[in-house]
Structures are given as C-alpha cells and as structure tokens.
Amino acid sequence: MSATILDGKLVSSAKREEIKHTVSGMNEKPGLAVIIVGDDPASKIYVRNKRRGCEEVGFNSWVYEMPATTTQKELDDKIDELNEKNDVHGILVQLPLPAHLCESEVTERIVPEKDVDAFTSQNCGHILKGDAHLLPCTPAGIMEILKYYKIDVSGKECVVVGRSNIVGKPMAQLLLAADGTVTICHSRTKNLADVTKRADILVSAVGKAHFITRDMVKSGAVVIDVGMNRDENGKQTGDVDFDAVSEIASYITPVPGGVGPMTISMLLQNTLAAAMNIMNWRGSLQ
Ligand code: GUN
C-alpha cells in the first residue's frame, strides 16, 4: 500500500480563492498589521510571505520593522496604537522576540478581536470551550486539510505528539471538538511507540527529523507532519520518516507542501473573520 499525499498547496489555494471571492464583495478591505522585531532571517521570510498572502487576496497589510533594541514600552505602545486603528482588523507580532522582550505580555496586549494568531488567554479559553471565532492557524489548517479530503475525525483515535501552546495543545482541542478521542504525548511520555501505534490520526509537532519511524505507525493511519526541520544534508524535512511511513499510512502530508502552506491561508481566514466581526459590530453601533 502507498499513502495518498495530502496536498496542502492545493487546499491552501482553494481557501485563498474563497477568501478573495468574499473580499471582492466587501465595501471595506480587511487589514492585517504585522510587527517584526530584530532581523531574524527566518522570521523575515515568514513575514514577507504573510504580506504576499495579503496582497494575493486583496487585503491591506502593514509591516512594522522594529530594531532588535526596541524596548518593551516601545513595543507595547505600537500594539496600543494598532489596537485603536479602525482599518487594522488583525495584529500579529512575529515570534520569537529578542530575549529581553516578554512574549506573553506582548501577545496578551493585542485586543482579542484582532488576535489573529489566537494566542490571547481569552481566545485560548474560547478554543477550550469550543466556541472560538479565531482559531490557531496551524491546527486550523490541519483541520481544513482533513475536511478537504473528507477524513472524518469523529470517534477516531487521535494522537498528538508535542504539547506546545502554538500547535500541540490547540490541535488536541480542535480534534476533540470534532469528536475525536484524543491523546497528547510529549517528551516524558512512556512507551511512546505503543501510544502512537494506536492512532487512526497521528499528528507530529516535535521538531526532530526522522522522529516518527515506520514502527510507530499503525497500518492505514492518517499521518500529519507539522515538523519543519533540516536533515543531515540540509534538506527540508518534517518529523516523519516519509519514505518508510508512506508505505503503510493511508494518507500523509509531505514536507514541504503539506501543513506549511495552510498556515498563512488560515491567518488570512482569521483576518477576514476578525474584519467581518469588527465591521458588523461597528455597523450595529451606527
Ligand atoms: N513564529 C513562528 N510561527 C508563528 C506563528 O504562528 N505566529 C507568530 N506570531 N509567530 C510565529
């Protein structure tokens, strides 16, 4: 058996077309403001791709490049300014931040209505309750891929490897909201392979090349690879030993071209949702 490839580029383009179509019927353009502090090369590429994504679907976008020496107060003031701006519907502060800045203070400062990363405690709470309007981008992108390929989560054994606030924890919540039976594994999990082998749907967000080997995967499982690593030859690779695992899985996401392309599309989706919510709310006050 050889697994069907879950094509994130395809699902991502379909999502962007849908967003573009919706935007073409709106009187006011959704707007995303991105703040980047310092000059981390990977972050610069991510931010450039976010700006391009905005252009592609017809959003306004603004990128604020702040020096690595920016103080907490200067960054806080910039967020306060963007919180107040009527044409900014989404605010994103690119992570990681330089070590002297407090990530938690920064993410909590964004008003929840504009929190398109869904990192604020309020939005995390909504995700936990299952009534969120803004969803964490990577997990939401994975749910879109499953939906596109008509992979039903209800009643399935779902195993998430990794417990980060950005991916592992919210991923588990979205799978639970879709009626999956969910287990979260992490670095202290005992007999990891025994747990991962139970999975009908296995999501790996660990950050180690070749971490998920063939003997850890049940035959016929759906395997989702969130990893973005470089292997020993410098080639971009996920967490999953793709060649071996794709022989026994039913579906698998490649790296690159799987989960990665969905993340920005879901950021655009959140910006659209935030804009519609803010515009409706303003409308109701008139
Ligand atoms: N850096 C890497 N991934 C992300 C993300 O999803 N959001 C933000 N703000 N920064 C990141």
Side-chain angles (χ1 to χ4, degrees), residues 3-6 8 11 95-96 117-119 124 127-128 135-147 149 151-232 235-263 266:
T4 300
I5 304 290
L6 297 169
V11 186
L95 303 178
D117 266 324
F119 287 169
C124 291
I127 293 156
L128 203 65
L135 295 171
C137 298
T138 300
I142 292 168
M143 297 308 288
E144 283 289 322
I145 292 178
L146 296 175
K147 194 166 105 187
Y149 284 91
I151 297 167
D152 191 17
V153 176
S154 179
K156 299 277 172 62
E157 284 282 348
C158 304
V159 175
V160 179
V161 190
R163 55 174 158 176
S164 69
N165 288 333
I166 298 188
V167 182
K169 284 186 215 165
M171 183 76 250
Q173 295 302 335
L174 298 191
L175 290 165
L176 181 62
D179 300 324
T181 301
V182 184
T183 306
I184 306 178
C185 301
H186 47 78
S187 53
R188 302 289 170 91
T189 298
K190 299 227 173 11
N191 304 321
L192 179 64
D194 289 347
V195 185
T196 57
K197 266 190 107 109
R198 292 209 306 259
D200 300 312
I201 300 175
L202 177 62
V203 180
S204 181
V206 173
K208 286 190 186 149
H210 308 304
F211 185 80
I212 302 288
T213 49
R214 181 184 167 130
D215 57 308
M216 296 168 77
V217 178
K218 179 166 84 173
S219 176
V222 176
V223 179
I224 308 287
D225 191 348
V226 189
M228 280 210 280
N229 317 299
R230 298 271 166 193
D231 71 7
E232 50 287 355
K235 187 172 156 246
Q236 199 183 343
T237 180
D239 291 346
V240 177
D241 184 355
F242 183 87
D243 291 342
V245 171
S246 59
E247 284 175 10
I248 58 162
S250 58
Y251 293 90
I252 190 166
T253 58
V255 178
V259 174
M262 288 307 295
T263 301
M266 300 317 290

Can you name the side-chain contact (heavy atoms from CB on, under 4.5 Å) partners of [X], sequence neighbours left out?
{"X": "Pro96", "value": "Ser43, Glu103"}
{"X": "Pro136", "value": "Ala118, Ile127, Pro139, Pro170"}
{"X": "Leu192", "value": "Val161, Cys185, Thr189, Thr196, Phe211, Met216"}
{"X": "Ala178", "value": "Met143, Val153"}

Do [X] and [Y] have side-chain heavy atoms sitting under 4.5 Å apart?
{"X": "Phe242", "Y": "Val255", "value": "no"}
{"X": "Val206", "Y": "Val226", "value": "no"}
{"X": "Ile5", "Y": "Tyr251", "value": "no"}

Who pairs with [X] by side chain to side chain donor-acceptor pair (under 3.5 Å), at least two apart in sequence or on another chain?
{"X": "Asp117", "value": "none"}
{"X": "Asp239", "value": "Ser204, Asn229"}
{"X": "Thr183", "value": "none"}

Practice problem: Provide the full list of side chain to side chain donor-acceptor pair (under 3.5 Å) pairs with a residue in residues 171-181, sequence neighbours left out, each pair given once. | Solution: none
Quiz item: So, the side chain of Thr253 versus the backbone of Gly258: is there a donor-acceptor pair under 3.5 Å, distance only?
Solution: no
Quiz item: Between the side chain of Ser246 and the main-chain N/O of Ala3, is any donor-acceptor distance below 3.5 Å?
Solution: no
Quiz item: Under the salt bridge (charged side-chain N to carboxylate O under 4.0 Å, His left out) rule, what pairs show up with a residue in residues 153-177, not counting sequence neighbours?
Solution: none
Quiz item: What pairs of residues pass the salt bridge (charged side-chain N to carboxylate O under 4.0 Å, His left out) test when at least one of them lies in residues 205-217, not counting sequence neighbours?
Solution: Arg214-Glu247
Quiz item: Which residues pass the salt bridge (Lys or Arg N to Asp or Glu O under 4.0 Å) test with Asp200, sequence neighbours left out?
Solution: Lys218
